[in-house]
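The shown structure was predicted, so the numbers you read here are calculated from the model rather than taken from an experiment. The sequence lines fix the lettering, A, B, ..., with proteins before strands; numbering per chain opens at 1.
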Amino acid sequence: MVNEQNELIKRRFEELEEIKKLGVNPYPHRYDITHKASELIKNFTDPKDETETEARKKDIVSIAGRISAIRRMGKATFCHIKDDTERIQLYLKKDEVGETPYAILKMLDIGDIIGVKGYVFRTKTGEISVHCVALELLTKSVFPLPVVKEEITESGEKIIHDAFADVELRYRQRYIDLIVNENVKGTFLSRTKIIKSIRGTLEKYGFLEVETPTLQSIYGGANARPFVTHHNALDIPLYLRISNELFLKRLIVGGFSRVFEFVKDFRNEGIDRTHNPEFTQVEWYQAYGDYYDSMKLFEEAVEQACIAVHGTTKIKYQDVELDLKAPWKRIKMVDAIKEKTGLDVLSMKKDDIILYMKQNSIEFDTKLSHSKGLVISSLFEALCEEDLVQPAFVIDHPIDTTPLCKPLREYTLAQLGEMKKDPEQVIFVERFEPYINKWEVGNAYTELNDPVLQRKLFEETHPMDDDFIRAIEVGMPPTTGVGMGVDRIVMLLTNSVNIRDVLLFPLMKPLDK
RNA sequence: GGGGAUGUAGCUCAGGGGUAGAGCAACUGCCUUUUAAGCAGUGGGUCGGAGGUUCGAUUCCUCCCAUCCUCACCA
């Protein structure tokens with residue numbers, strides 16, 4: 001790490017003092033800008049003749065940005081500045097900007113923020129630039145940035161030299177990463193576009209954006225370990241939400257028919273390429289709809305988000321070509337298993353499925369062996385996920401996989417009663433999981449609204465939430481709900497390999513000494 | 001948590017049991033259309049941290065820390 005002893009930093013603090021001695025405030029309050037760099041470059045046309053060239057000199061523009069490169073040539077200086085659009089070259093001559101500004105210019109460094117006034121012209125070597133007549137220091141930078149050089153070849157190709165590439169430093173000092181690595185900003189612009197597009201799709205269908213608690217005294221709605229915190233005044237433990245599902249359903253009970261919320265969820269589990277302890281989901285709930293409605297909306301939301309970023313539904317993720325065009329394939333979990341293995345797990349005994357897995361050395365958690373449904377879903381995960389590259393909805397999971405989903409509509413009440421008694425029978429529920437590039441990118445149900453069954457399933461596998469049960473007892477209309485993993489969608493649409501590349505500030509271990 | 005890799009100047013990297021190297025950046029000088037500007041010169045390091053082996057460790061060994069990859073856990 002850099003400390004204040006660092007020679008480069010010490011030098012910059014000295015320069016700061018010299019600038020002050022010249023009577024210049026290195027941190028002024030504001031600056032008037034007339035243009036962005038991209039506008040100046042886009043709007044420039046070459047003058048026809050000498051008279052026009054002269055006339056152009058009266059069109060004074062004003063622009064500000066951070067110095068990204070500087071080339072001093074004695075009494076003239078070229079530098080590049082970057083604003084939030086692009087980089088543009090500045091040409092500064094001592095006899096035009098004045099003595100004091102030029103003295104300051106001599107002390108400027110890469111990273112300093114300046115404002116200039118001048119006219120746009122094209123240099124001998126062809127680069128559109130600003131010929132400056134005034135220079136003002138807007139912010140002195142005292143912490144040196146990595147020096148990244150851009151070379152533009154004759155073919156117009158851009159080569160980056162000495163890129164700031166240390167992954168750890170990039171995440172820990174994201175502000176530097178954003179300044180210096182151009183594509184990083186692009187990823188986060190895309191992220192914003194994607195979220196905006198998804199929001200637009202939901203609003204188009206009349207969904208209302210709402211906010212529910214992050215701090216919850218009972219956590220639920222997903223199967224995950226929570227972060228625990230403490231409220232001092234009330235002296236009670238509180239949990240950071242692992243999901244907002246149970247609150248959004250309360251709102252459906254309350255009479256909102258379509259709601260959605262983008263939320264940070266917090267799950268106290270391992271960190272890897274696709275998992276960060278806090279991550280973003282969008283969940284939406286639609287009264288009077290079922291999971292077929294949700295599938296349609298899900299595929300449309302992703303398709304539209306893709307178009308918003310790429311203008312097409314065809315993308316390339318790493319080496320894989322993906323087409324996100326709706327409609328996506330739908331496949332029942334048991335059919336996926338049959339396609340892959342030829343096994344009809346419904347007619348097989350539970351122990352025979354387990355035997356099959358052992359014989360084929362398929363990893364299996366024996367803690368799950370009490371439930372035929374969990375055995376089937378383990379088999380699916382072990383064998384079938386790897387084939388789910390193009391977008392697909394896997395539908396109809398065993399009931400043991402979730403306590404919040406309604407059994408298939410084809411079962412009669414009498415049948416359900418019988419099936420529950422027989423451990424070789426598996427009840428399936430109206431659930432779907434969308435897969436893209438082998439990743440689960442969401443989870444959705446025809447929501448369970450039978451309060452008796454809901455209470456029973458909570459007793460078996462979920463922290464009891466009496467208030468939620470009461471809401472279901474008050475009566476929730478037939479409803480479908482969806483959770484979409486926003487970070488993974490962003491990863492796919494920005495060709496990012498690690499979830500940290502799509503989070504501005506991913507969790508890093510602190511570097512305390 | 002297991003396995004593998006990495007950690008050397010502000011940045012990108014090379015090196016290797018005997019007082020540390022390059023390019024860029026910095027500093028001094030020259031240079032008023034340069035562009036990875038150029039030319040000449042100068043400075044800059046607890047070689048991730050702590051122990052150990054050794055006459056001597058940045059190099060070899062052990063442990064620790066951080067990051068990446070991978071497996072496991074986990075939606």
Fill in: 5' precedence on RNA chain B between A:Val147 and A:Leu507 (nearest-nucleotide basis)
A:Val147
Worksheet, complete the sentence: Walking RNA chain B from its 5' end, the first of A:Ile110 and A:Glu96 to be reached, judged by nearest nucleotide, is A:Ile110
Expressed as a whole number of Å, how far does the [atom1] atom of [N] sit from that of [M]?
{"N": "B:rC69", "M": "B:rU28", "atom1": "P", "answer": "43 Å"}
{"N": "B:rA9", "M": "B:rG4", "atom1": "P", "answer": "26 Å"}
{"N": "B:rC13", "M": "B:rG52", "atom1": "C1'", "answer": "30 Å"}
{"N": "B:rG2", "M": "B:rC11", "atom1": "P", "answer": "30 Å"}
{"N": "B:rG16", "M": "B:rC60", "atom1": "C1'", "answer": "12 Å"}
{"N": "B:rC47", "M": "B:rU19", "atom1": "C1'", "answer": "13 Å"}
{"N": "B:rA20", "M": "B:rU35", "atom1": "P", "answer": "38 Å"}
{"N": "B:rU8", "M": "B:rG15", "atom1": "C1'", "answer": "9 Å"}

Using atom [atom1] of [X] as one end and atom [atom2] of [N] as the other, report the distance to the nearest whole Å.
{"X": "A:Ile176", "N": "B:rC11", "atom1": "CD1", "atom2": "P", "result": "9 Å"}
{"X": "A:Ile271", "N": "B:rC71", "atom1": "CD1", "atom2": "P", "result": "17 Å"}
{"X": "A:Ile67", "N": "B:rA26", "atom1": "CD1", "atom2": "P", "result": "11 Å"}
{"X": "A:Arg172", "N": "B:rG10", "atom1": "CZ", "atom2": "P", "result": "18 Å"}
{"X": "A:Arg11", "N": "B:rA26", "atom1": "CZ", "atom2": "P", "result": "11 Å"}
{"X": "A:Tyr91", "N": "B:rU34", "atom1": "OH", "atom2": "C1'", "result": "9 Å"}
{"X": "A:Glu15", "N": "B:rG10", "atom1": "CD", "atom2": "C1'", "result": "14 Å"}
{"X": "A:Lys509", "N": "B:rC64", "atom1": "NZ", "atom2": "P", "result": "12 Å"}

Any donor-acceptor pair under 3.5 Å linking the side-chain atoms of [Y] with those of [X]?
{"X": "A:Thr402", "Y": "A:Arg431", "value": "no"}
{"X": "A:Glu86", "Y": "A:Ser38", "value": "no"}
{"X": "A:Thr77", "Y": "A:Arg72", "value": "no"}
{"X": "A:Asp465", "Y": "A:Tyr219", "value": "no"}
{"X": "A:Asp400", "Y": "A:Ser371", "value": "yes"}
{"X": "A:Glu150", "Y": "A:His80", "value": "no"}
{"X": "A:Thr280", "Y": "A:Arg191", "value": "yes"}

Worksheet item: How would nucleotides 36-44 of chain B be written as a contact map, 5' to 3', with B for base contact, S for sugar-phosphate-only contact and - for no contact, using protein heavy atoms under 4.0 Å?
Response: BB-----BS
Worksheet item: Taking side chain as C-beta onward, heavy atoms only, is A:Asp290 less than 4.5 Å from A:Lys406?
Response: no
Fill in: Beyond-backbone contact of A:Ile353 with A:Lys372, side-chain heavy atoms, under 4.5 angstrom
yes
Checking only heavy atoms, does the side chain of [X] share a donor-acceptor pair with the base of [N] at less than 3.5 Å?
{"X": "A:Glu127", "N": "B:rU33", "answer": "no"}
{"X": "A:Thr77", "N": "B:rU34", "answer": "no"}
{"X": "A:Asp95", "N": "B:rU32", "answer": "yes"}
{"X": "A:Thr125", "N": "B:rU33", "answer": "no"}

Worksheet item: Quick one: is B:rC69 close enough that its OP1 or OP2 comes under 4.0 Å of any side-chain N or O from A:Asn498?
Response: yes
Worksheet item: So, is A:Arg12 close to the B:rG10 phosphate, meaning a side-chain N or O under 4.0 Å from OP1 or OP2?
Response: no
Worksheet item: Between residues 436-447 of chain A and RNA chain B, which residues have a heavy-atom gap below 4.0 Å?
Response: A:Glu440
Fill in: A:Met508, nearest nucleotide to its side chain (from B:rU32, B:rU34, B:rU67)
B:rU67
Worksheet, complete the sentence: Taking B:rU32, B:rU34, B:rU12 as options, the one with an atom nearest any side-chain atom of A:Ala76 is B:rU32
Worksheet item: Does NZ or CZ of A:Arg56 fall inside the cone over A:Phe44's six-membered ring, less than 6.0 Å from its centre and within 45° of the axis?
Response: yes
Discussion item. At 4.0 Å (heavy atoms only), tell me whether A:Asp272 reaches a base, stays on the sugar-phosphate, or touches nothing.
Written reply: base
Discussion item. At 4.0 Å (heavy atoms only), tell me whether A:Ala165 reaches a base, stays on the sugar-phosphate, or touches nothing.
Written reply: sugar-phosphate
Fill in: Ion pair A:Glu14/A:Arg11, N-O distance below 4.0 Å
yes
Worksheet item: Is it true that A:Asp109 and A:Lys140 have a side-chain N and a carboxylate O under 4.0 angstrom from each other?
Response: yes
Worksheet item: More than 12 foreign heavy atoms under 6.0 Å from NZ of A:Lys509: is that the case here?
Response: no
Item to complete: Give a yes or no on whether A:Lys158 atom NZ has more than 12 heavy-atom contacts from other residues, nucleotides or ligands under 6.0 Å away.
Response: yes
Worksheet item: For RNA chain B, what string of dots and brackets results from 5' to 3' when Watson-Crick and G-U pairs need both distances under 3.5 Å, crossing pairs get [ ], and pairs with another strand get |?
Response: (((((((..((((....[..)))).(((((.......))))).....(((((..]....))))))))))))....
